[in-house]
Amino acid sequence: MATKETAQQEAPVSELEKRSIQRLSGEESNRISRECLRTALMQLLSERDFQKISVTELVRRAGVSRATFYRNYSDKEALLREIGEAAALEIQSFLRATRTPEDVYQSALGLFRNIKEHERVTRNMVSFHISLSAVMAMPPLAELEEPPTDATTHYWHLAFEGAVLNIVRDWMVNGMQQSPEEMAQVCASLASEVRNWLAG
């Protein structure tokens with residue numbers, strides 16, 4: 001028969017406990033709690049589909065209270081959307097690396113590998129129609145440091161970024177059949193074609 005001490009040793013460690021962080025107040029506490037909830041949901045999504053995950057299970061894995069969960073999120077769909085927005089930020093980061101085809105390839109490779117690594121999370125986001133359109137809520141990323149001198153370049157930047165978003169979305173929706181290396185090469189080739197056209 002297991003003793004109380006043995007049972008405590010066997011109990012799973014929550015995300016909050018793993019970080020060895022004492023409960024804080026205010027903004028820092030909320031930031032840590034949200035981080036633990038995101039990590040917990042990612043872990044649970046690797047084990048089962050989103051619909052089968054309860055808020056009770058989620059807060060237990062994260063090591064936070066239900067009150068903390070509802071202070072930060074209206075429901076578990078809102079938490080999943082936040083993870084989707086983080087994915088959109090990764091795509092933004094990739095799109096900033098468009099100076100050379102080699103840079104595009106390496107950056108795209110990291111992006112596609114990360115999406116593939118979290119395939120179950122991605123499938124859940126797609127099934128809940130979480131859009132990557134947040135990426136488009138800002139000016140063309142290629143223009144952040146060097147604004148174009150003409151309208152043609154501006155519109156080609158838009159075309160490249162729109163193409164990349166469609167490539168990522170289509171790859172995700174269709175089961176990620178091509179390897180991250182193949183997809184990175186597609187993006188690098190596209191960037192090269194755009195540059196050659198602009199240079200001509």
Side-chain angles (χ1 to χ4, degrees), residues 31 34-35 37-47 49-50 77-200:
R31 183 190 67 76
R34 291 169 79 98
E35 188 179 304
L37 284 163
R38 285 194 299 269
T39 301
L41 181 55
M42 294 277 281
Q43 290 174 348
L44 289 167
L45 284 171
S46 71
E47 300 166 10
D49 289 338
F50 181 72
E77 286 78 8
L79 174 55
L80 186 63
R81 277 193 298 274
E82 185 171 277
I83 293 172
E85 288 165 7
L89 289 175
E90 280 196 48
I91 296 175
Q92 288 183 352
S93 176
F94 154 65
L95 288 171
R96 289 190 178 96
T98 58
R99 297 200 174 277
T100 70
E102 293 77 19
D103 288 341
V104 172
Y105 178 83
Q106 290 302 323
S107 188
L109 184 59
L111 170 69
F112 285 106
R113 280 178 174 169
N114 192 29
I115 293 173
K116 183 72 173 174
E117 182 183 345
H118 299 101
E119 185 171 351
R120 193 176 189 112
V121 177
T122 304
R123 281 205 315 270
N124 277 281
M125 288 191 292
V126 169
S127 69
F128 276 83
H129 309 292
I130 292 177
S131 174
L132 297 176
S133 62
V135 178
M136 303 303 280
M138 58 190 300
L141 293 162
E143 300 179 1
L144 290 179
E145 295 178 11
E146 297 179 17
T149 56
D150 60 275
T152 300
T153 302
H154 169 72
Y155 289 117
W156 270 97
H157 286 164
L158 285 176
F160 174 69
E161 293 185 13
V164 168
L165 288 174
N166 281 319
I167 288 167
V168 170
R169 181 169 51 245
D170 189 77
W171 183 66
M172 288 164 50
V173 168
N174 289 300
M176 307 181 197
Q177 296 178 28
Q178 297 80 19
S179 70
E181 289 77 12
E182 289 175 282
M183 299 309 297
Q185 188 55 57
V186 168
C187 291
S189 297
L190 177 62
S192 182
E193 289 295 325
V194 170
R195 282 200 182 78
N196 290 340
W197 190 92
L198 290 172

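Since the structure is predicted, the reported quantities are computational estimates derived from the model, not experimental observations. Reckoned from all heavy atoms, side chains included, excluding hydrogens, waters and symmetry mates.
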Minimum heavy-atom separation for [X] and [Y], please, with both atom names.
X	Y	result
L79	L37	CD2-O, 3.7 Å
A163	L190	CB-CD2, 3.6 Å
Y105	E181	CE1-O, 3.7 Å

Inset, instruction - Would you please name every residue forming a side chain to side chain contact (heavy atoms under 4.5 Å, CB included) with Q178, sequence neighbours left out? - result: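 If we apply the side chain to side chain contact (heavy atoms under 4.5 Å, CB included) test to Q178, skipping adjacent residues, the hits are W171, E182, M183.
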
Legend entry - Partner residues of E117 under the side chain to side chain contact (heavy atoms under 4.5 Å, CB included) criterion, sequence neighbours left out: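 Partners of E117 under the side chain to side chain contact (heavy atoms under 4.5 Å, CB included) test: N114.
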
Legend entry - Interatomic spacing from OG1 in T39 to CG in L44 - rounded to 0.5 Å: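 The distance works out to 11.0 Å.
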
Legend entry - Distance in Å, Q106 CD paired with L111 CG, rounded so as to fall on 0.5 Å steps: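 So the CD of Q106 and the CG of L111 are separated by 13.0 Å.
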
Legend entry - Partners passing side chain to side chain donor-acceptor pair (under 3.5 Å) against E193 (at least two apart in sequence or in another chain):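 Applying side chain to side chain donor-acceptor pair (under 3.5 Å) to E193 gives none.
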
Legend entry - Residues forming a side chain to side chain donor-acceptor pair (under 3.5 Å) with R34, sequence neighbours excluded: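 For R34, the residues satisfying side chain to side chain donor-acceptor pair (under 3.5 Å) (neighbours in sequence not counted) are N72, E82.
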
Legend entry - Donor-acceptor pair between N166 and D170 side chains, under 3.5 angstrom: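 Absent: no donor and acceptor within the cut-off.
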
Legend entry - pair R38-E35: side-chain heavy atoms closer than 4.5 Å: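 Yes, side chains in contact.
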
Legend entry - Note, M176 side chain near F112 side chain (heavy atom, < 4.5 Å):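 No; the side chains remain at least 4.5 Å from each other.
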
